[in-house]
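For ligands, and for the atoms within them, numbers begin at 1 and follow the listed sequence. Given the structure is predicted, the values throughout are model-derived calculations rather than measurements.
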Amino acid sequence: MPTQLQRAREGTVTAAMERVAEREQCDPEFVREQVAEGQAVIPTNHGHDSLDPMVVGREFGTKVNANIGASETTSNLEDELEKLHTAVHYGADTVMDLSTGGDLDEIREANVEYSPVPVGTVPIYEAVTRVDDVAEITHELLLEVIEGQAEQGVDYMTVHAGVTMEHLPLTDGRKTGIVSRGGSILAQWIEENGMENPLYTKFEEICEIFAEHDVTFSLGDGLRPGCLADASDEAQFAELDTLGELTRTAWDHGVQVMVEGPGHVPMDEVADNVERQQDVCDGAPFYVLGPLVTDVAPGYDHITSAIGATEAARAGAAMLCYVTPKEHLGLPDAEDVRDGLAAYRIAAHAADVANGREGARDWDDALSEARYEFDWRRQFDLALDPERAREFHDQTLPGDNYKEARFCSMCGVDFCSMRIDQDAREAAEAGEGQLEAIDDETDLEDSPAAEVNRPPVGEHDGSDVPDLPKFVDPYGHEEPADD
Ligand code: SF4
């Protein structure tokens, strides 16, 4: 079966393109053109039956990826499915299963089966678990792992094919060396075997596997900077040049491509990094990790990175890989997934508003109107994280009567500026005053915004997703007690 890219080039608007156009509120023919030109990707493995297709490209709403996955120290299927559903519930547009521990096959298979969003992986991680020493990874093993994951229905894979022998010496003198897991594994393999990166030498064979299943490349930035001091250095940009060549090779095989980006970058260099990638990789969608704009805030790196992510999306990055508060410190749990996603949905939406994406600001306007009208229930419903907004409000004013109140506990009844302003306007209306009532209403039903830009976020068509196994309680809800 041809890939989305091949069909787009033939002039066919596929069912996935139709669905994407519906979600983005645009013409299906526009989606086809963007995919045909490599400016957008629709990661859709032929074998991912529960998928609700989505698009990644700078002409569409900014997307957010959530990394999930088990580690050697923490791994069980129940927790992983809980993370998957937390991620989807709080608005992830794609998820990456970065598992390095537990039964990798079982976890991956379950993630694909129960996910309505595209699932990405990093196959080198599985290859490492199949050998005693990294140097023992063979070309055949790598291709076997990649093919196996493609057959399981993985929609996109991070392939660190740009880490080459020639580039490694360029990382000498860095403050934090090679910080990408995949990048460091491949650097070790190259050093110990004295041979070129097998993902680079076997790239065309990988393209053939990807073309057969319509797996999208996420060309990994294995030499991405791990601190501000290493940002925008020779190693990073040499690898980027190789990723540009590989992008064109993959396109020649009819395979869709995204390109991954840094890492840690000072705020003033973020836009230049995005523009450079767009130029070197001929507009292939840029998928950035953050970037963190300062290194000093472990425990708060969902914030340091969301600042960089907003700037990156402003400059043209198409998808943002979230960072959780646990970054650099430990494996995120479901609550960290929620916090990371909130930070990144904010970044993506703020960039879409700033970029003037059609209808993007309707959500803000609707919430502001509800806020000014003291329509607390509507304000909660429209919030990016409705449960969090309601919980914070109700911590101090839990009663139902306070859902109609013309104040909250922040300023209190006497000092509520919005109540005072409304009273002043009403008094002016009754007399000869100058203030006029504010009377406005934004109808979100009619908004031309893409689904990712309208509440509730995280709405995917889950009709093809099977019921969850009994043991999973995705959002911490109690099972109703038996009578
Ligand atoms: S009390 Fe203050 S924070 Fe609360 S609604 Fe009024 S103006 Fe807003």
Side-chain angles (χ1 to χ4, degrees), residues 64 89-91 297 299-300 302-307 309-310 314 322 324-325 335-336 338-354 356-357 359-447 449 452-459 475-476:
V64 172
H89 178 69
Y90 288 111
Y300 296 94
H302 58 317
I303 298 173
T304 59
S305 61
I307 293 168
T310 311
R314 268 280 272 160
Y322 88 162
T324 76
E335 197 57 19
D336 299 318
R338 175 184 185 175
D339 288 344
L341 269 167
Y344 272 70
R345 288 251 58 105
I346 294 166
H349 179 66
D352 284 348
V353 170
R357 201 163 304 286
R361 220 196 57 201
D362 290 349
W363 182 4
D364 302 73
D365 293 348
L367 191 140
S368 299
E369 288 153 22
R371 178 174 285 157
Y372 188 73
E373 287 159 12
F374 296 106
D375 187 343
W376 291 100
R377 289 185 182 86
R378 181 158 168 77
Q379 192 182 157
F380 301 148
D381 287 347
L382 290 175
L384 180 127
D385 182 345
E387 292 121 343
R388 174 69 53 88
R390 188 182 301 273
E391 179 196 327
F392 280 13
H393 175 268
D394 289 1
Q395 274 172 6
T396 47
L397 299 174
D400 246 15
N401 51 324
Y402 291 115
K403 303 293 184 304
E404 328 274 299
R406 296 175 72 212
F407 65 96
C408 74
S409 63
M410 182 168 168
C411 322
V413 64
D414 290 337
F415 288 92
C416 177
S417 56
M418 291 200 296
R419 199 250 329 137
I420 295 168
D421 182 69
Q422 284 179 9
D423 287 349
R425 285 173 198 280
E426 273 168 29
E429 238 176 67
E432 291 295 303
Q434 307 204 332
L435 292 170
E436 283 181 21
I438 296 172
D439 181 20
D440 207 357
E441 194 167 341
T442 303
D443 183 358
L444 286 174
E445 294 299 313
D446 286 343
S447 171
V452 292
N453 256 315
R454 274 185 318 216
V457 294
E459 282 296 287
Y475 315 123

K.L.:
Quick test of your reading of the model: are R388 and E335 salt-bridged, counting only N-O distances below 4.0 Å?
P.N.:
yes
K.L.:
H349: which residues meet the ring pair (Phe, Tyr, Trp, His ring centres under 6.0 Å) condition with it, sequence neighbours left out?
P.N.:
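Partners of H349 under the ring pair (Phe, Tyr, Trp, His ring centres under 6.0 Å) test: W363.
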K.L.:
I'd like to know if the side chain of R338 and the backbone of Y90 have a donor-acceptor N/O pair within less than 3.5 Å.
P.N.:
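Checked: no pair found.
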K.L.:
Would you say the side chains of S305 and Y322 form a donor-acceptor pair under 3.5 Å?
P.N.:
no
K.L.:
Checking D400 now: which residues fulfil side-chain contact (heavy atoms from CB on, under 4.5 Å) with it, not counting sequence neighbours?
P.N.:
R377, K403
K.L.:
Just jot down the ring pair (Phe, Tyr, Trp, His ring centres under 6.0 Å) partners of F380, sequence neighbours excluded, or say none.
P.N.:
H393
K.L.:
With 2.8 Å as the threshold, which protein atoms of type N, O or S lie near atom 6 (Fe) of ligand 1? Leave waters out.
P.N.:
C416 SG
